[in-house]
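The structure appears right after this line, and notes come after that.
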Amino acid sequence: MGLRRTVWCGEVQASGVEVTVAGWVDATRDHGGLLFVDVRDRSGVVQVVVDPGAAPEVWEQARQWRGEWTVAVRGLVRERSAANVNPKLATGAVEIVPAEVAVYGRARPLPFQLDGAAAVEETTRLRYRYLDLRRPDLQANLRMRHRFTAAVRAHLDAAGFVEIETPTLTRSTPEGARDYLVPARMAPGRFFALPQSPQLYKQLLMIAGLERYYQIARCWRDEDLRADRQPEFTQVDIELSFVEAEDVMALAEGLVREACRAAAGVELQAPLPRMTYGEAMVRFGSDRPDLRVPLEIVEVGADLSGTAFQGFAQPLAAGGVVRALRVPGGAALTRRELDALTAEARNRGAAGLAWFLLGTEGEPAGPVAMRSPIAKFLAPEQRAALVERTGGAAGDALFLVAGPAPVAATVLGWLRLWAADRFELRRGAWRALWVTDFPLLEWDADAGRFVAVHHPFTAPHPDDLALLAGEPARVRALAYDLVVDGTEVGGGSIRIHDREVQSRLFAALRLSPEETADKFGFLLEALSYGAPPHGGIALGLDRLVMMLAGADSLRDVIAFPKTAQAGDPLTGAPAAVAERQLRELHLRADAVRT
RNA sequence: GGAGGCGUAGUGUAGUGGUUAACACACCGGUCUGUCACACCGGAAAUCGCGGGUUCGAUCCCCGUCGCCUCCGCCA
């Protein structure tokens, strides 16, 4: 290789001793009679200054160098004169005077510039991901990710956990997301599935008596993607035996706090606040409330009782609710915006969106002066009660949704986040909390049956067991989600460790005994051989690191991510395969995309 | 499955029913001894994503298609 590195570029210090740096040509500045070359490695950049009079051979070579060539420089470090110090550079007080240089590899002009001056299109970046990753900010993200996982391993190791790998070739199970399938050559017509999570394996490890398991586990879900969703992603997967929900939450809370501190210096509140699912839905209209937004939904049905306005009266008579959200500054919204909000509220299931703009007639202290198409349907005392209940003031807008409680909640929950964006209402950061007491089951109208909110192995609350057969919607789950700034970053539960309870749950899900036996027989069987009470949690590693890195997309914290169409522009995956490969797998492709 | 946005030199953008398709950075050549976003002079570089239609004429208008981004549905 010739010259061998003795020091990282970013750590070159004034010394008068000889060093050798190796890396990429970050920039050249040729002044004719003086040449500057910035050499970059993973640690940073250092300036090399070449004087043709002092070192003509070196100058002859170095003046040929172009951006992104890989080179090495051996020479003396010297301090720059005070006037030439660059305070923006860690090594800005020194420079290298080369005695010998070497070129390891030349580079064609790059397909895009790495300086970040222009936002390059995602496809181009991904097609040349190995160049994109030369950007210091992306490398910093990957290092932060490493620090996070290193802290997780250290923390869990110290707590007696064992890191265990589980299979990625496993079986498809009903419920949950669409599986990625892998054809089984040895078994024509059969398929492996890539795991959506190691859920069943970690339960089996508990039955096996490992007691404390974790894994930095890759998971796959073949669903449509988003900025915060990739087809393959990573969970910090944890499971413990002989524990209750409190034990798991305490462990996870300490772990996340420590890892956030170690990776990014972020301090989470201690202890994290708790909120039940029901409270979160009523107050924030979401099961993952963003506590940075200082707005809450309020119940106003009682203030409107006896109203003549059918848009409120009918839902109330039908057992529904009327709820309101105050939006500070919302009186400035245009009719066009209000119409668009109404349309979106309808799109989300609301019958309509009632709005009241307060104090818009110019009255100095008269917030009851409201502008609204339906104000005339409300008695003056009702309008006053509405303003009083919501804490409305001149300049605010009040939005009301009437209907079934879940619809009113989710529509206003959406509106709350919209208002936070529109009026920049978010305050603070890292507002984490636990959301608990989720319902175990929810009605799936399409399937015509109940489905598991979390997954079908989540334990019902013991007090609610009797409701399972008759009123399944009222059964609470021993489940908990970790939410940070409106993003779900982890979720877990106490699992069912009783074979009979597990069977009852499958029955509540309308899984036939035959299907249960076929697909989950192994689990039921395992549960019959002395299963410990157990539970765990899975933390979304990518999302946590994304937030810690301040990134907007998971792609910025994954080395080789996929596009929104689940493709990889670098390798061309997914790709067609040879006919022979299909034959071996007993498959026929019925569609060919060119 | 649905909605919206984008696609023009290597990159990022501008632009127009008839133009020599513009600008910046990058690239190439030259000048320059203190730059670090070096500066200055010059140059090369475009199938205006692809296919079809309208038109005397389409990069521009219309339809389709592909790709990328964002959102809804979906994601136990």
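Numbered from 1 within each chain, the chains take letters A, B, ... in sequence-line order.
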### Atom pair distance, as rounded to whole Å: CG in A:Leu225 and C1' in B:C72
15 Å
### Message
Taking any heavy-atom pair under 4.0 Å as a contact, classify A:Val451: base, sugar-phosphate, or nothing.
### Response
nothing
### Message
Could you tell me how far B:G15 sits from B:A9 if I compare only their P atoms? Round to whole Å.
### Response
15 Å
### Query
For every nucleotide of nucleotides 26-31 of chain B, 5' to 3': is a protein heavy atom under 4.0 Å from its base (B), only from its sugar-phosphate (S), or from neither (-)?
S-SS--
### Message
What's A:Glu344 touching, base or sugar-phosphate or nothing? Going by heavy atoms closer than 4.0 Å.
### Response
nothing
### Query
Mind checking who B:U47 pairs with, Watson-Crick or G-U wobble, both distances under 3.5 Å?
none
### Message
Need the pair for B:C32. Rule: Watson-Crick or G-U wobble, both distances under 3.5 Å, any strand; none if unpaired.
### Response
none
### Query
What is the distance, rounded to the nearest whole Å, between atom CZ of A:Arg348 and atom P of B:C74?
12 Å
### Query
Heavy atoms under 4.0 Å, any strand shown: does A:Val45 hit a base, just sugar-phosphate, or nothing?
nothing
### Task
Using atom CD of A:Glu223 as one end and atom P of B:C74 as the other, report the distance to the nearest whole Å.
10 Å
## Note on the structure
Picking from B:C68, B:G1, B:C36, the nucleotide nearest the side-chain atoms of A:Thr563 would be B:C68
### Rounded distance in Å - CZ (A:Arg221) to P (B:C75)
10 Å
### Query
Starting at the 5' end of RNA chain B, which residue's closest nucleotide do you reach first, A:Arg288 or A:Glu121?
A:Glu121
### Message
Mind checking if A:Arg78 touches a base, just sugar-phosphate, or nothing, with heavy atoms under 4.0 Å?
### Response
base
### Task
Consider the side chain of A:Thr123, meaning its heavy atoms from C-beta on, and name the nucleotide among B:C68, B:C36, B:U11 that approaches it most closely.
B:C68
### Query
Nearest to the side chain of A:His31, which nucleotide is it out of B:G10, B:U35, B:A37?
B:U35
### Query
Quantified in whole Å, what is the C1' atom distance between nucleotide B:C25 and nucleotide B:C38?
15 Å
### Task
Answer yes if the side chains of A:Asp179 and A:Gln196 hold a donor-acceptor pair under 3.5 Å, and no otherwise.
yes
### Message
Rounded to whole Å, how long is the line connecting atom CD of A:Gln196 with atom P of B:C75?
### Response
10 Å
### Message
So if I apply the side chain to side chain contact (heavy atoms under 4.5 Å, CB included) rule between A:Val25 and each of A:Asp38, A:Val37, A:Val39, which one comes out positive?
### Response
A:Val37
### Message
Return whichever of A:Gly176 or A:Ala566 has its heavy-atom-nearest nucleotide of RNA chain B closer to the 5' end.
### Response
A:Ala566
### Message
So if I take every side-chain heavy atom of A:Glu122 and compare against B:C69, B:C75, B:G67, which nucleotide ends up nearest?
### Response
B:C69
### Query
Hey, would you say the A:Phe520 and A:Phe457 ring centroids sit under 6.0 Å apart?
yes
### Task
Could you work out the separation of B:C50 and B:C60 based on their P atoms and round it to a whole Å?
10 Å
### Task
Name the nucleic acid region contacted by A:Ser197, choosing base, sugar-phosphate or nothing; use a 4.0 angstrom heavy-atom cut-off, strictly under.
base
### Message
Would A:Thr342 and A:Asp339 count as a side chain to side chain donor-acceptor pair (under 3.5 Å) here? Give the steps.
### Response
CA-CA 5 Å; A:Thr342 303; A:Asp339 287 346; 5.1 Å; no
### Query
Counting side-chain heavy atoms from C-beta on, which of B:U35, B:C69, B:G73 comes nearest to A:Asn84?
B:U35
### Task
Compare the minimum distances between each of B:C75, B:G12, B:U35 and the side chain of A:Arg29, then state the nucleotide with the smallest one.
B:U35
### Query
NA contact type, A:Glu68, heavy-atom cut-off 4.0 Å: base, sugar-phosphate, or nothing?
nothing
### Task
For A:Asp51 and B:C32, give me the distance from atom CG to atom P, rounded to whole Å.
14 Å
#### Entry: Integer angstrom distance from the P of B:A22 to that of B:C48
14 Å
### Query
Could you give the CZ-to-C1' distance, from A:Arg108 to B:A45, as a whole number of Å?
15 Å
#### Entry: Length of the CD-P vector between A:Gln47 and B:C38, whole Å
11 Å
### Task
Could you please name the partner base of B:G10, counting Watson-Crick and G-U wobble pairs only when both distances are under 3.5 Å?
B:C25
### Query
Should A:Tyr213 and A:Asp237 be marked as a side chain to side chain donor-acceptor pair (under 3.5 Å) after you check the CA-CA gap, both sets of side-chain angles, and the distance that decides it?
CA-CA 8 Å; A:Tyr213 142 94; A:Asp237 195 47; 2.8 Å; yes
## Note on the structure
Mate of B:A58 across any strand shown (Watson-Crick or G-U wobble, both atom pairs under 3.5 Å) is none
### Query
For the atom pair CG (A:Asp542) and CG (A:Asp228), what is the distance rounded to the nearest 0.5 Å?
10.5 Å
### Task
Ignoring hydrogens and angles, answer whether the base of B:C68 and the side-chain atoms of A:Arg125 contain a donor-acceptor pair closer than 3.5 Å.
no
### Task
May I ask whether A:Phe36 stacks on the base of B:U35, given the cut-offs of 5.5 Å between ring centres and 30° between planes?
yes
### Message
Check whether A:Trp443 forms a cation-pi arrangement with A:Arg449 (NZ or CZ under 6.0 Å from the six-membered ring centre, at most 45° off the ring normal).
### Response
no
### Query
Can you check whether A:Arg226 has a side-chain N or O nearer than 4.0 Å to OP1 or OP2 of B:C74?
no
Compile the donor-acceptor pairs under 3.5 Å between side chains in residues 47-57 of chain A and protein atoms, sequence neighbours left out, one pair per line.
| from | atom 1 | to | atom 2 | distance (Å) |
| --- | --- | --- | --- | --- |
| A:Gln47 | OE1 | A:Arg29 | NH2 | 2.9 |
| A:Gln47 | NE2 | A:Glu95 | OE1 | 3.1 |
| A:Asp51 | OD1 | A:Gly53 | N | 2.9 |

### Query
Which atoms form the tightest heavy-atom contact between A:Ala531 and A:Ile207, and what is the distance?
CB-CG1, 3.9 Å
### Task
Please identify each residue that fulfils salt bridge (Lys or Arg N to Asp or Glu O under 4.0 Å) with A:Arg292, with sequence neighbours left out.
A:Asp290, A:Asp485
### Sugar-phosphate, base or nothing in reach of A:Pro456, heavy atoms under 4.0 Å
base
### Query
Counting just side-chain N and O atoms, does A:Arg555 come under 4.0 Å of either OP1 or OP2 of B:C68?
no
